[in-house]
Amino acid sequence: MHHLVPAAILLTVAFFLLASRFPATKAYPSVSWVPVTLLLAANAAEHWYGIGWFSHVMFHLAYDTSYMATLLGIVLVLTLVLKRKSYLPVLIAILIAAIPLTYLILLNY
């Protein structure tokens, strides 16, 4: 649970910095790659160094950022639906953000 706070801060700051310069529909796909990148870094660290504290923390951070990015995307889709705007690019970005959760559920039984 303590990993969730840094993940929330990381994604919130990154999203709001991007959303201040670009529309939210353009900022969210940039943020949606963060969990996938962290998952790839965790897998690389586990492959090269074995299971240790770094890979353990990176896996937790990847999963937590995936939760937060998926939740942020769902809120953004609901906002776009209420405004009757196109939400398909955000749905694709949600699928990208949910890759670490899919990895956790399907591959790590």
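Fair warning: this is a prediction, and the values are worked out from it, not measured in the lab.
Not a single donor-acceptor pair under 3.5 Å links the side chain of S66 to the backbone N or O of A62. Proximity of a side-chain donor or acceptor of T65 to a complementary backbone N or O of A7 within less than 3.5 Å is not detected.
With hydrophobic clusters built from ILVMFWY side chains whose heavy atoms lie under 4.5 angstrom apart, V75 does not share a cluster with V81. Under the 4.5 Å side-chain heavy-atom criterion for Ile, Leu, Val, Met, Phe, Trp and Tyr, M58 and Y49 are members of distinct hydrophobic clusters. Both W53 and L61 are part of a single hydrophobic cluster, where members link through side-chain heavy atoms under 4.5 Å apart. In the hydrophobic clustering of ILVMFWY residues, with side-chain heavy atoms under 4.5 Å counting as a link, V5 and V13 come out together. Under the 4.5 Å side-chain contact rule for hydrophobic residues, L91 and V34 share a cluster.
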| request: Begin from the C-alpha positions of L82 and L78 and carry the test side chain to side chain contact (heavy atoms under 4.5 Å, CB included) through to its verdict. | output: CA-CA 6 Å; L82 291 175; L78 291 175; 5.6 Å; no

| side chain to side chain contact (heavy atoms under 4.5 Å, CB included) assessment of E46 paired with F54 | CA-CA 8 Å; E46 184 181 28; F54 181 75; over 6 Å; no

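Sorted by first then second residue, the side chain to side chain donor-acceptor pair (under 3.5 Å) pairs that include residues 31-44, not counting sequence neighbours, are N43-Y103. For residues 85-98, no residue pair satisfies the side chain to side chain donor-acceptor pair (under 3.5 Å) rule, not counting sequence neighbours.
Between the CG atom of D64 and the CG atom of L101 there is a distance of 9.0 Å, given to the nearest 0.5 Å. With values rounded to the nearest 0.5 angstrom, I94 atom CD1 is found 8.5 Å from L72 atom CG. Here CZ of F22 is found 7.5 Å from OG of S30. Values are rounded to the nearest 0.5 Å. Considering CG of L4 and CE of M68, their distance stands at 5.5 Å, rounded to 0.5 Å. We find the CG-OG1 distance between L88 and T25 to be 12.0 Å, quoted to the nearest 0.5 Å. Atom CG of L11 and atom OH of Y28 lie 8.5 Å apart (nearest 0.5 Å).
Nearest heavy atoms, V31 versus A14: CG2-C, 4.2 Å. In terms of heavy-atom proximity, T12 sits nearest to A8 at OG1-O, 2.6 Å. The two atoms that bring P100 and P35 nearest to each other are CG-O, 3.5 Å, heavy atoms only.
Aromatic ring orientation, H60 versus Y63: perpendicular (interplanar angle above 60°, classes split at 30° and 60°).
Side-chain heavy-atom separations under 4.5 angstrom define the hydrophobic clusters, and L71 shares its cluster with no other residue.
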